[in-house]
Amino acid sequence: MTATIGDQKNTLNSEPSRGIILVVDDNPANLQVLSSFLDQSSFEVWAARSGEKAIQRLDNDNLPDLILLDIMMPGIDGFETCKYLKSDSNPRVQDIPIIFMTALSDTADKVKGLRLGAVDYITKPFQYEEVLVRIEHQLKLRNLTKSLTAKNAELQQIQTQLIQAEKVATLGQMTAGIAHEVNNPINFIAGNLNFIEEYFQEVVNLLKLYQKYLPDPPTEIQNAIKTKDINYLLNDLSKIIQSMQLGTDRVTEIVSSLNKFSRHGEAGKKLANLHEGLETTLLILGHRLKSNAHRPAIKLIKEYGELPLVECYPGELNQVFMNLIGNGIDAIEEIKKNQYFDENFRHIGMIWIKTEAIEERVILRIADNGSGISEANQTKIFDAFYTTKAIGKGTGLGLSIAYQIVVNNHRGQLSCHSTQGEGTEFVIELPTRH
């Protein structure tokens, strides 16, 4: 006999353990017999004489692979113990299979136990070969379930990585393509505007010479000058040319930002200025910060510290910035979506971006005062395909991809701190060198 009664772990079996079995029974004789049999079958046996002791035993870090649970016990009986272990408040032990041990043969009792989460019944007096087969069967099912869960998680991660790679490549190609297509005509317009401004000034100078040496033109020309208000036309045309110049400069700036955002054609890690990446992202998202029919403009607060150049994949980090800032804007709009636009409404949407360097790491904080994330959802937001947005509003991949880019690709950290109804802060920590 190698099992010790009274919640002690069996340590004398020299053969490799086939698994850990927790036997819960208030009858010492049953505990001794089952423990001896299971020990001889190369199982590690833990014993508990009550439901309370079993629950205490499960508070440890190490957990059993299966529980044999007696129904009729003083204090907390088997049904109550099973109900407690299978409740949502005990996620650590929820998936441990429970086999009831009972002398009860009533169908209603068996149905009750199965509905509470038990996987099988063993009837007293025990037929030891049957006990062994049922235990082996449930352990095999549990191991298969674990294996399938792990494979599913692995496949989901591979799928997310493939989607991430495709998304990054597509986004880079799209922005680079748009920048290229816009760049050629805008350069043509900007170049010609310089000539237009120069030629216009020459025409104005020529008209001034006519006015100087021919102050009294024929009546028909005088009437035309008065009718067309030539001074107004000349002044306004000059302003139009200046506005066109400002417009082309703005488009050129946007094209440059698209090129920087996409980093198309770059391979490997580069030393990059993260502030530059943030600014290009904000330029692209600038239209979403402006006021619209549903809300006033979102206020942007930037607190940039002194950052060193960071060895990174700039295009990937730009996508992270895009996802996090875009989510902040979505959260602010979530508050406003059911409210009539009112300029006097006190809640003004705000986005904060703060950066700092601490030793060999840089820290970027992106926060908003939007709808926030519930505590329950905060544990899932980085899971692939999980989204709190309405159907059609999100794919559930943005934060998952951001997490993989920061943690897996850059050996950094990405964390979330949120209070529902108050806002959310995402914190990115990156090493300056790898």
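Predicted model only: the values in this text are computed from it and were never measured. Residues: numbered from 1 along the sequence shown.
In terms of modelled atom types and a separation under 3.5 Å, the side chain of R92 and the main chain of L58 share a donor-acceptor contact. Remark: side-chain polar atoms of H410 are paired, donor with acceptor, to backbone N or O of Y313 under 3.5 angstrom. Between the side chain of S50 and the backbone N or O of K53, at least one donor-acceptor pair lies under 3.5 Å. D236 places no side-chain N or O within donor-acceptor distance of the main-chain N or O of Y232, the cut-off being under 3.5 Å. Within the 3.5 Å criterion, the main-chain N or O of Q245 finds a donor-acceptor partner in the side chain of T248. Between the side chain of T149 and the backbone N or O of T145 there is at least one donor-acceptor pair closer than 3.5 Å. With hydrogens and angles ignored, the 3.5 Å screen pairs a side-chain donor or acceptor of T280 with a backbone N or O of G277. Side-chain N or O atoms of N369 include one that pairs as donor or acceptor with a backbone N or O of I348 at under 3.5 Å. Counting only distance, with no hydrogens or angles, the side chain of R365 and the backbone of I428 share no donor-acceptor pair below 3.5 Å. Distance alone, capped at 3.5 Å, places no donor-acceptor pair between the S42 side chain and the R18 backbone.
When all heavy atoms are compared, the tightest approach of D26 to P74 is OD2-CD, 3.4 Å. Residue L114 comes nearest to A118 through the heavy atom pair CD2-O, 3.5 Å, listed as atom of the first residue, atom of the second, then distance. Across S291 and A297, no two heavy atoms sit closer than the pair CB-N, 3.3 Å. Closest heavy-atom contact between F426 and C416: CE2-CB, 3.7 Å. The two residues G51 and V24 have their closest heavy-atom pair at N-CG1, 4.3 Å. Across all non-hydrogen atoms, the minimal contact from M322 to I284 is CE-CG2, 3.8 Å.
Counted by atom type alone, H417 and T424 present zero donor-acceptor pairs between their side chains at under 3.5 Å. Side-chain contact check for Y403 and Q413: no donor-acceptor pair (N or O, by modelled atom type) lies under 3.5 Å. Remark: the S87 side chain and the N90 side chain contain an N/O donor-acceptor pair separated by less than 3.5 Å. With 3.5 Å as the limit, one finds no donor-acceptor pair spanning the side chains of Q138 and D65. When only modelled atom types and interatomic distance are considered, N377 and S374 share a side-chain donor-acceptor pair under 3.5 Å.
Note that CD of E334 is 12.0 Å distant from CG of N327, once rounded to the nearest 0.5 Å. For the atom pair H275 NE2 and L282 CG, the distance stands at 11.0 Å (nearest 0.5 Å). Atoms CD1 and CG, from I329 and L324 in turn, are 11.5 Å apart once rounded to the nearest 0.5 Å. Between S371 atom OG and Q420 atom CD the span is 7.5 Å, to the nearest 0.5 Å. Interatomic distance, NZ of K239 versus CD of Q242, reported as 8.5 Å (0.5 Å rounding). A distance of 10.0 Å separates NZ in K151 from CG in L148, rounded to the nearest 0.5 Å.
Other residues, nucleotides and ligands place no more than 12 heavy atoms under 6.0 Å from the CZ atom of R115. More than 12 non-hydrogen atoms from other residues, nucleotides or ligands lie less than 6.0 angstrom from CD of E356. Within 6.0 Å of the CZ atom in R433, the count of heavy atoms belonging to other residues, nucleotides or ligands exceeds 12. With a 6.0 Å radius and a threshold of 12 heavy atoms from other residues, nucleotides or ligands, E359 has its CD atom at or below the threshold. Dense packing is recorded around OH of Y304, with more than 12 heavy atoms of other residues, nucleotides or ligands lying under 6.0 Å away. Atom CZ of F79 has more than 12 neighbouring heavy atoms from other residues, nucleotides or ligands inside a 6.0 Å radius. Under a cut-off of 6.0 angstrom, the local environment of NZ in K86 is crowded, with over 12 non-hydrogen atoms contributed by other residues, nucleotides or ligands. No more than 12 heavy atoms of other residues, nucleotides or ligands sit less than 6.0 Å from atom CD of E197.
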side-chain contact (heavy atoms from CB on, under 4.5 Å) evaluation trace for L34 with F126: CA-CA 9 Å; L34 277 172; F126 302 125; 3.7 Å; yes
CA sep, side-chain torsions, deciding dist, call: R134, D120, salt bridge (charged side-chain N to carboxylate O under 4.0 Å, His left out): CA-CA 8 Å; R134 290 182 183 274; D120 204 352; 2.8 Å; yes
Stepwise side-chain contact (heavy atoms from CB on, under 4.5 Å) check, F43 with L66: CA-CA 11 Å; F43 287 103; L66 184 140; over 6 Å; no
side-chain contact (heavy atoms from CB on, under 4.5 Å) assessment of I301 paired with M350: CA-CA 7 Å; I301 300 175; M350 302 179 75; 3.1 Å; yes
Verdict with supporting geometry, I71 and D109, side-chain contact (heavy atoms from CB on, under 4.5 Å): CA-CA 10 Å; I71 291 180; D109 289 325; 5.6 Å; no
Derivation of the side-chain hydrogen bond (donor to acceptor under 3.5 Å, both in side chains) call for N409 and Q404: CA-CA 7 Å; N409 297 3; Q404 290 203 27; over 6 Å; no
Verdict with supporting geometry, K302 and E279, salt bridge (charged side-chain N to carboxylate O under 4.0 Å, His left out): CA-CA 10 Å; K302 295 184 289 186; E279 288 301 310; 3.0 Å; yes
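The residues R361 and E429 are annotated as salt-bridged, a charged nitrogen and a carboxylate oxygen being separated by less than 4.0 angstrom. Comment: R288 engages D330 in a salt bridge, judged by a side-chain N to carboxylate O separation of less than 4.0 angstrom. The residues R142 and D95 are annotated as salt-bridged, a charged nitrogen and a carboxylate oxygen being separated by less than 4.0 angstrom.
E333 has its side chain within reach of R295: a pair of non-hydrogen atoms, C-beta onward, lies under 4.5 Å apart. Annotation: side chain of R49 is in contact with side chain of P28 (closest heavy-atom distance under 4.5 Å). Side-chain contact between L38 and I135: present, with at least one pair of heavy atoms (C-beta onward) separated by less than 4.5 Å. Residues I21 and P64 are not in side-chain contact: their nearest non-hydrogen atoms beyond the backbone lie 4.5 Å or more apart. In this structure, K124 and D70 have side chains that are in contact, with non-hydrogen atoms separated by less than 4.5 Å. Between F100 and C82 the shortest side-chain heavy-atom distance falls below 4.5 Å. You'll find the side chain of L274 reaches within 4.5 Å of the side chain of V362, heavy atoms only. The shortest side-chain heavy-atom distance between I405 and L317 falls under the 4.5 Å cut-off.
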